[in-house]
Amino acid sequence: MHKKFDHKEIEGKWQKHWKENGNYDLNKRDDSKEKEYVLVEWPYPSGNLHIGHWYAFAVPDIYVRYRRMIGTQVLYPMGFDAFGLPAENAAIKRNNNPREWTEQNIEYMKGQLNSMGNAFSWDKTTSSTDPEYFKWTQWMFTEFFKNNIAYRGEGVVNWCPSCNTVIANEQVQADGTCERCDNLIEKKKMPQWMIRITDFADELIDDLEGLDWAEHIKDAQRNWIGRSEGALIDFKLSLGEQVTVFTTRPDTLFGATYMVLAPEHELVHKYRDKIKNWSDVEIYITATRQKAEQDRLDNTKEKTGVKLEGITATNPATGEEIPVYIADYVLASYGTGAIMAVPAHDERDHAFAQKFGIDIKQVIYQDDGTFRDSVNLSANIGQGKLKNSGEFDGMDSEEAKEAITIKVGGKLTNTYRLRDWSIGRQRYWGVPIPIVYDPEGNARPVPLEHLPWKLPEDVDFKPTGVPPLSKSQELKERTEKIFGAGWTPEVETMDTFVDSSWYYLRYIDNKNDKEFSSKKAQKTWLPVDLYFGGAEHTTMHLLYSRFWQKALHRLGHVEHKEPYTRRINRGLILGPDGNKMSKSKGNVIDPDEQVERVGADTVKMYLAFMGPYGETANYPWDMGGIAGQRRFLERVNGLIEHITDNEDKDMTALLHKTIRKVTNDIQNFKFNTAISAMMIFLNQAEKTGLCRESYLLFLKLLAPFAPHLTEELWYEAEEKGSIHQQTFPEFDPGLAKDEMVTIGVQINGKMRGEITIAPGADEETALTAVRNNDSLQAKLGENKPKRVIYVPGRILNLIV
RNA sequence: GCCCGGGUGGUGGAAUCGGUAGACACGAGGGACUUAAAAUCCCUUGCCUAUUCAAACGGCGUGCGGGUUCAAUUCCCGCCCCGGGCACCA
């Protein structure tokens with residue numbers, strides 16, 4: 001009997017050995033090889049690795065090891081996204097500094113990551129909290145500031161009136177209340193540090209074209225950015241002023257029978273003395289402001305609004321005088337905060353006009369030229385041909401959009417759902433915004449020589465309504481000492497999404513103290529070839545970091561316009577009960593326990609076997625399933641007992657077919673079917689035996705999946721060096737071919753039996769095989785097929 | 001409401017340039033070994049059907065209803081359900 005599979009001994013031994021020999025250190029490897037950059041999202045050091053981390057890091061490791069075995073030099077770095085709120089909350093609870101908590105967690109998690117036995121390029125690691133890292137985060141911010149990409153602007157924040165502080169989006173509960181005190185959150189305008197991401201909106205959409213991403217991921221980004229193509233058109237008010245509206249349908253301008261301003265629109269306040277029914281208007285404005293976002297966004301409820309008595313507008317196309325309303329269905333934050341309303345061709349306008357008895361004027365025929373009554377029925381929102389539109393009658397909508405816009409002196413333009421990115425946080429545990437204010441109150445960037453602009457330690461970070469940094473004496477003194485009396489520091493820190501927007505740039509040159517990364521390193525490694533990550537980051541992180549790369553590119557600091565060539569979104573591992581794992585549900589699987597029990601190779605293979613990687617499906621954890629993987633590895637462990645001198649010809653063929661299948665599947669991230677192919681091979685090998693050469697090829701095939709066990713078996717077979725530095729097996733097309741193949745035989749399209757013939761056999765041979773098959777012949781009887789459909793290697797269908 | 005996924009055995013899933021549906025694994029049932037249990041090994045396992053046990057050379061079957069085709073899980077049309085994202089976006 002072969003010795004038993006002692007995973008603890010084997011895994012400990014080889015992890016130590018790999019580390020001591022620097023097997024995965026990039027600097028030790030051959031620079032002449034082809035380069036590949038495989039990235040996984042760096043974790044937040046919460047203190048414990050969960051099963052999701054394993055799924056995120058251990059399964060891509062299969063691909064990484066495979067690529068290395070075919071001779072590619074793969075960068076597979078790991079680091080920590082270590083700023084953020086949990087550390088601050090933990091520190092408040094324990095009354096210590098978030099740094100201590102964070103550093104302890106990182107140390108502990110490094111040990112856990114080590115237990116995976118992954119081929120991480122640890123020599124390239126970094127952490128967002130490392131001063132040598134955030135020095136460059138700050139430098140990039142100052143570059144953006146100098147070039148008007150970062151600016152001090154008015155941002156809308158979530159304000160909790162009870163806690164007296166700004167609340168992050170993530171802390172606002174689904175019903176719009178505060179996570180801590182359950183009071184209703186208000187939207188409040190405050191001066192904020194903003195990033196001009198909207199300036200890049202078109203590039204962010206258009207450059208998706210060239211990326212090798214799944215179409216649904218691109219769709220999600222496009223929708224998030226939400227580009228609407230339309231026009232800005234000026235409407236003259238009876239009081240002299242112009243109001244600019246944004247519309248996607250300038251072709252319907254002749255049908256605009258009223259206009260609507262957002263209740264917050266500045267002109268409403270400006271004309272308070274001229275508006276005859278101001279008290280009604282004021283009540284409506286107040287009511288709007290107090291409405292929770294939820295209510296306002298509920299489009300099923302009845303339209304409300306107030307007519308502005310004493311003000312009218314002129315439709316620039318018809319010259320007609322039209323009424324002006326305020327209504328909360330128009331948002332101040334989108335477009336220009338004002339719309340022209342075309343009730344015949346917009347559903348919302350239609351509902352509003354019907355309620356308020358406003359004219360509905362139809363200006364579009366349906367596409368097929370027929371007329372549909374959109375006055376009394378519902379709005380006809382489709383495009384078509386114009387009517388009741390003066391000189392434009394008969395023109396197509398598409399053509400008319402431009403023609404009418406030009407006619408009235410408007411401008412074709414785009415509007416976006418995407419807003420500028422507010423990055424200031426009134427928090428402690430983040431990157432200090434490297435800005436100081438001169439005695440006149442002007443914001444000035446902290447020069448590079450004073451970066452990193454460190455986090456002061458003398459603060460109290462309990463939430464009090466003011467940013468913790470504002471209480472630091474040290475920061476105040478530091479600022480005055482460097483810049484002079486009367487200068488004051490910025491006291492906000494950055495959103496942690498900033499930190500993770502550029503980490504892939506630091507990994508490649510993590511020890512560089514002159515630049516964030518050299519052009520040479522960028523040339524070698526960028527863009528990232530393959531980026532594995534969670535679907536939840538599709539619109540936030542993934543968009544922010546694409547923006548970051550583009551902004552750096554615009555300023556000439558990086559060579560590429562896109563950071564990630566290929567993106568694979570992974571699914572989610574659920575608890576055994578089919579629910580998302582959570583402590584409150586008590587369905588959390590602790591990976592450490594599993595590794596202790598069955599070993600890292602088993603856990604990794606089970607995760608890979610659950611289903612295809614790169615599809616955003618959710619897979620429930622199954623205790624029986626993981627036991628099956630363990631059984632498989634135990635049988636691999638004993639396979640050496642089945643080695644024979646003379647190997648069956650079919651066994652050799654199966655080996656080569658298996659190599660072909662596994663190779664294809666790894667390349668397509670279908671690790672589940674790759675493992676299944678190896679199981680089929682093992683089942684057969686145990687029955688018929690295999691030669692030593694095949695045994696060793698099989699071990700190499702399995703090496704990326706079960707790195708520890710295969711290393712042990714390789715060593716035991718007295719082979720030289722590490723199995724992970726061997727060349728991945730290649731299949732022999734001649735040997736992988738089937739000599740005979742069994743195909744189905746249909747009679748009139750119904751499956752009636754099967755025949756076994758050579759894959760390339762001709763029709764006559766196939767028919768002979770049918771005649772020699774009693775059962776088939778009996779079913780066919782005396783009938784001579786009227787028609788024969790024969791697809792070699794696939795099917796034979798006889799029509800009688 | 002709009003956009004994107006997805007519905008296949010008891011379970012995870014396999015098979016889509018249309019060509020033997022259910023690979024592989026789990027679970028379940030039966031058997032061997034054992035004083036016994038665990039482990040291991042072997043066999044069976046989509047559903048239905050003969051007035052008894054057993055079950056095909058029978059029938060049905062990939063969410064539902066149509067269609068195209070010699071042949072449909074796969075393609076087309078119309079629905080239903082589940083998951084995710086966005087949402088009075090002009």
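Labels below follow one simple rule: chain letters A, B, ... track the order of the sequence lines, proteins then strands, and each chain is numbered from 1.
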When rounded to the nearest Å, what value does the distance between [atom1] atoms of [N] and [M] take?
{"N": "B:A54", "M": "B:U44", "atom1": "C1'", "result": "14 Å"}
{"N": "B:G66", "M": "B:G85", "atom1": "C1'", "result": "32 Å"}
{"N": "B:A28", "M": "B:G10", "atom1": "P", "result": "16 Å"}
{"N": "B:G6", "M": "B:G13", "atom1": "P", "result": "13 Å"}
{"N": "B:A14", "M": "B:U62", "atom1": "C1'", "result": "12 Å"}
{"N": "B:G9", "M": "B:G22", "atom1": "C1'", "result": "7 Å"}

For [X], answer base if it contacts any base atom (sugar-phosphate contacts may also be present), sugar-phosphate if it contacts only those atoms, and nothing otherwise; contact means non-hydrogen atoms under 4.0 Å.
{"X": "A:Thr415", "answer": "nothing"}
{"X": "A:Arg222", "answer": "nothing"}
{"X": "A:Arg630", "answer": "nothing"}
{"X": "A:Gly226", "answer": "nothing"}
{"X": "A:Lys670", "answer": "sugar-phosphate"}
{"X": "A:Thr247", "answer": "sugar-phosphate"}

So which nucleotide does [N] pair with, by the Watson-Crick or G-U wobble rule with both distances under 3.5 Å?
{"N": "B:U74", "value": "none"}
{"N": "B:G18", "value": "none"}
{"N": "B:A39", "value": "none"}
{"N": "B:G27", "value": "B:U45"}

Requested in this report: Taking only heavy atoms on the protein side, list every residue of residues 787-800 of chain A lying under 4.0 Å from any atom of RNA chain B, sorted numerically.
Outcome: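 Those residues are A:Arg787, A:Ile789, A:Val791, A:Arg794, A:Ile795, A:Asn797, A:Ile799.
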
[X] side chain: which of [options] is closest?
{"X": "A:Arg631", "options": "B:A15, B:A25, B:C26", "answer": "B:C26"}
{"X": "A:Thr616", "options": "B:G5, B:C4, B:C26", "answer": "B:G5"}
{"X": "A:Asn672", "options": "B:G58, B:A14, B:A23", "answer": "B:A14"}
{"X": "A:Tyr619", "options": "B:G12, B:C26, B:A90", "answer": "B:G12"}
{"X": "A:Met679", "options": "B:A90, B:U20, B:C24", "answer": "B:C24"}
{"X": "A:Gln746", "options": "B:C4, B:C41, B:G19", "answer": "B:G19"}
{"X": "A:Phe609", "options": "B:A25, B:A15, B:U20", "answer": "B:A25"}
{"X": "A:Asn683", "options": "B:C26, B:A21, B:A25", "answer": "B:A25"}
{"X": "A:Lys779", "options": "B:G58, B:A25, B:C86", "answer": "B:G58"}
{"X": "A:Met751", "options": "B:A21, B:G12, B:C86", "answer": "B:A21"}

Run the salt-bridge test on [X] and [Y] with the 4.0 Å N-O cut-off and return the result as yes or no.
{"X": "A:Asp738", "Y": "A:Lys657", "answer": "yes"}
{"X": "A:Asp206", "Y": "A:Arg227", "answer": "yes"}
{"X": "A:Asp665", "Y": "A:Lys670", "answer": "no"}
{"X": "A:Glu229", "Y": "A:Arg249", "answer": "no"}
{"X": "A:Asp346", "Y": "A:Arg348", "answer": "yes"}

Query raised in the report: So do the side chains of A:Trp621 and A:Leu574 get within less than 4.5 Å of each other, counting heavy atoms only?
Result: no

Query raised in the report: Hey, are the side chains of A:Leu542 and A:Gln221 touching, using non-hydrogen atoms and a 4.5 Å cut-off?
Result: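 Counting from C-beta outward, A:Leu542 and A:Gln221 do come under 4.5 Å.
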
Report task. List the steps, then state whether side chain to side chain contact (heavy atoms under 4.5 Å, CB included) holds for A:Arg417 with A:Ile225. Result -> CA-CA 6 Å; A:Arg417 199 192 76 91; A:Ile225 297 167; over 6 Å; no

Considering just the side-chain nitrogens and oxygens of [X], establish if one lies under 4.0 Å of OP1 or OP2 belonging to [N].
{"X": "A:Arg348", "N": "B:C89", "value": "yes"}
{"X": "A:Arg752", "N": "B:G58", "value": "yes"}
{"X": "A:Lys750", "N": "B:C60", "value": "yes"}
{"X": "A:Thr538", "N": "B:G85", "value": "no"}

Query raised in the report: Is the NZ or CZ atom of A:Arg546 positioned over A:Trp224's six-membered ring, under 6.0 angstrom from the centre and within 45° of the axis?
Result: no

Query raised in the report: When you check the glycosidic angle of B:G9, does it come out syn, meaning within 90° of 0, or anti?
Result: syn

